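Here is the structure we will look at, set down as structure tokens.
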Amino acid sequence: MEIEVRRDKKQNTLINMKKITYFTFTIFAVFLLSILIFDYPKKFISRLIFSHDLSLLTHSVFYNINDEIDFDMTKKENQKKSLIVLNNFVYDFFRPVFANQNLDDGVSWKMLHGSIWCDGVSDIFLRLAENTNTRVVMIFLCANNGRNCPHTVTFVDLDNSINDFKDNSELKKMYLFDPTKNYYPINKKFQFVNINDMLENKIEFSSYTALDSDNIKLNLLQNDQTAFVINRLYDEYSIISKLSLTIVKVLPKNSLKFLFKFGIFINPELDDDYKKFLYARLEHILLNYDDAIFNYSKITDKNSYYDNAQYWHKRINSSQSVLKKYEDILSPLTNSTFPKNL
């Protein structure tokens, strides 16, 4: 009798396990089918892959840059040199050349798109700078009337000590980085100088004409500023953000690239022309120049992004949009390379 009871229990257990297996498989099949058929799940997964919370592409771009540079860009002692490299990288790879195609979206999509206005370019720089654990703030610079704000830059807090970004006296203790114009907070003696120092030595920075207004040198820096976006320090990352950073450090580069391509492919809001262009841009910003050139060259004049592809293709061939090593970056004030030890 006991043997029959045990046998029945085992049979029931096996039946229940089969039911659970079938149920799980059915749920997975329905989920997979919904992804393939319905647009919303596709859009959700695509947006998740390129979301700000995960920042997978931003981290990947940074660490690909870091692999090409002969010092560790995450170390505090290399902070200034790392910011110079990032500023120059953003200047070379993201440019407002097709003004009618500006994209107002997350940083990952802006990087893929490429043709971005100054606020988007500044946004890319400050997000990349998170990997150096440096506080960076996006600043709207306004003319005397307070309504016309013709330019956007970033202010950097090198020691992460400023807490009140509504106090203009505090903002002027920060350091200007302008990735749209490739401006640096470095004088002709190769000294890092803050906003106050720049305003006290306007003549030395007279070539920074994008910061002038109302016929006054550096007037946009002198007027009150508005902090619009503030990046995150590592301690401010959520558990999800820290996990995604670890994933980028651990996963092979090709696995991450496959994920990004999948995120582009699955998005129902992108037409085929745009997807082909984004595949090429992805290779470009990940510093895979040969693959980028190949993908750009496959885009024909029938594609609506042909001009964009040709523009970036030419910039790679002319070495204008390839990563520059720190020792090859020129100071806009002296037209000579920055010293090894700043």
Side-chain angles (χ1 to χ4, degrees), residues 24-66 90 93-94 101-116 119-131 136 138 229-288 291 295 305:
T24 304
F25 177 78
T26 302
I27 293 296
F28 177 76
V30 170
F31 174 73
L32 184 61
L33 193 63
S34 69
I35 291 175
L36 296 174
I37 296 176
F38 300 109
D39 282 350
Y40 182 77
K42 295 178 185 178
K43 178 183 175 182
F44 175 80
I45 292 171
S46 176
R47 302 297 297 187
L48 179 64
I49 290 171
F50 295 110
S51 67
H52 170 61
D53 285 338
L54 295 184
S55 296
L56 291 170
L57 183 58
T58 311
H59 293 318
S60 295
V61 168
F62 176 86
Y63 280 97
N64 281 17
I65 295 171
N66 194 37
V90 175
F93 282 69
F94 313 99
Q101 295 179 5
N102 184 56
L103 184 70
D104 184 14
D105 208 326
V107 166
S108 293
W109 294 107
K110 289 174 183 174
M111 289 197 294
L112 289 170
H113 188 69
S115 180
I116 300 297
D119 56 338
V121 172
S122 297
D123 199 10
I124 293 169
F125 173 76
L126 68 85
R127 298 304 179 191
L128 289 172
E130 287 184 1
N131 291 278
V136 183
M138 183 195 297
V229 178
I230 303 171
N231 74 350
R232 304 168 297 175
L233 301 179
Y234 182 73
D235 290 342
E236 298 167 348
Y237 273 25
S238 66
I239 294 174
I240 296 297
S241 296
K242 290 180 179 179
L243 178 62
S244 67
L245 178 57
T246 302
I247 289 172
V248 169
K249 293 179 179 179
V250 172
L251 275 184
K253 291 182 179 180
N254 283 336
S255 299
L256 288 165
K257 186 168 73 171
F258 175 82
L259 178 65
F260 299 140
K261 285 186 174 181
F262 176 74
I264 294 169
F265 171 78
I266 204 172
N267 193 316
E269 297 180 328
L270 310 178
D271 61 41
D272 288 340
D273 280 5
Y274 194 36
K275 287 180 180 179
K276 290 177 183 178
F277 174 68
L278 294 186
Y279 292 143
R281 279 290 301 171
L282 176 65
E283 299 289 0
H284 191 175
I285 64 178
L286 291 177
L287 311 183
N288 302 321
D291 291 336
N295 280 276
Y305 289 87

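Here, residue 1 is the first one in the sequence, and each next residue gets the next number. This is a predicted model, so every value here is computed, not measured.
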Please report the shortest heavy-atom distance between [X] and [Y], naming the atom on each side.
X	Y	value
Tyr279	Ile264	CE2-CG2, 3.6 Å
His59	Leu54	CD2-O, 3.7 Å
Ile266	Gly263	CG2-O, 3.8 Å
Met111	Leu57	CE-CG, 3.9 Å
Leu278	Leu112	CD2-O, 3.7 Å
Ser122	Met138	CB-CG, 4.1 Å

Quick one: do Ser238 and Asp53 satisfy side chain to side chain contact (heavy atoms under 4.5 Å, CB included)? Show the steps, please.
CA-CA 8 Å; Ser238 66; Asp53 285 338; 5.6 Å; no
Might you work through the side chain to side chain contact (heavy atoms under 4.5 Å, CB included) test for Asp291 and Lys257, ending with a clear yes or no?
CA-CA 12 Å; Asp291 291 336; Lys257 186 168 73 171; 3.9 Å; yes
Just how far is it from atom [atom1] of [X] to atom [atom2] of [Y], taken to the nearest 0.5 Å?
X	Y	atom1	atom2	value
His52	Ser108	NE2	OG	9.5 Å
Ile116	Asp104	CD1	CG	9.0 Å
Phe260	Leu282	CZ	CG	7.0 Å
Leu128	Tyr63	CG	OH	11.5 Å
Leu251	Leu256	CG	CG	5.0 Å

Side chain to side chain contact (heavy atoms under 4.5 Å, CB included) evaluation trace for Lys261 with Phe265:
CA-CA 6 Å; Lys261 285 186 174 181; Phe265 171 78; over 6 Å; no
Once side-chain hydrogen bond (donor to acceptor under 3.5 Å, both in side chains) is applied, what residue pairs with a partner in residues 242-256 remain, sequence neighbours excluded?
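Only Asp67-Lys253 qualify under side-chain hydrogen bond (donor to acceptor under 3.5 Å, both in side chains).
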Salt-bridge test for Lys276 and Asp272: reply yes if a basic N is under 4.0 Å from a carboxylate O, no otherwise.
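Here Lys276 does not pair with Asp272 in a salt bridge, since their nearest N and O are not under 4.0 Å apart.
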Lys110 and Asp119 ion-paired at < 4.0 Å:
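Answer for the salt bridge query: no.
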Under 3.5 Å, side chain of Ser51 to main-chain N/O of Leu48, donor-acceptor pair present?
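Here the side-chain-to-backbone pair exists.
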Side chain to side chain contact (heavy atoms under 4.5 Å, CB included) evaluation trace for Arg232 with Ser55
CA-CA 12 Å; Arg232 304 168 297 175; Ser55 296; 3.4 Å; yes
Please list, chain by chain and in numerical order, all residues satisfying ring pair (Phe, Tyr, Trp, His ring centres under 6.0 Å) with Phe93, sequence neighbours excluded.
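Ring pair (Phe, Tyr, Trp, His ring centres under 6.0 Å) list for Phe93, sorted by chain: Phe89, His284.
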Would you indicate whether the side-chain heavy atoms of Tyr305 and Ser115 approach each other to under 4.5 Å?
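Side-chain contact under 4.5 Å: no.
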Decide salt bridge (charged side-chain N to carboxylate O under 4.0 Å, His left out) for Lys42 and Glu269; before the verdict, give the C-alpha distance in whole Å, the side-chain angles of both, and the deciding distance to 0.1 Å.
CA-CA 9 Å; Lys42 295 178 185 178; Glu269 297 180 328; over 6 Å; no
Identify the residue among Val90, Val107, Asn231 that makes a side-chain contact (heavy atoms from CB on, under 4.5 Å) with Asp123.
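When Val90, Val107, Asn231 are each tested with Asp123, the side-chain contact (heavy atoms from CB on, under 4.5 Å) holds only for Val107.
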How about Tyr237 and Tyr234: are their ring centroids closer than 6.0 Å?
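Yes: the rings meet the under 6.0 Å criterion.
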Checking side-chain polar atoms at under 3.5 Å, does His113 have a donor or acceptor matched by the opposite partner on Tyr274?
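Yes - a donor-acceptor pair under 3.5 Å links their side chains.
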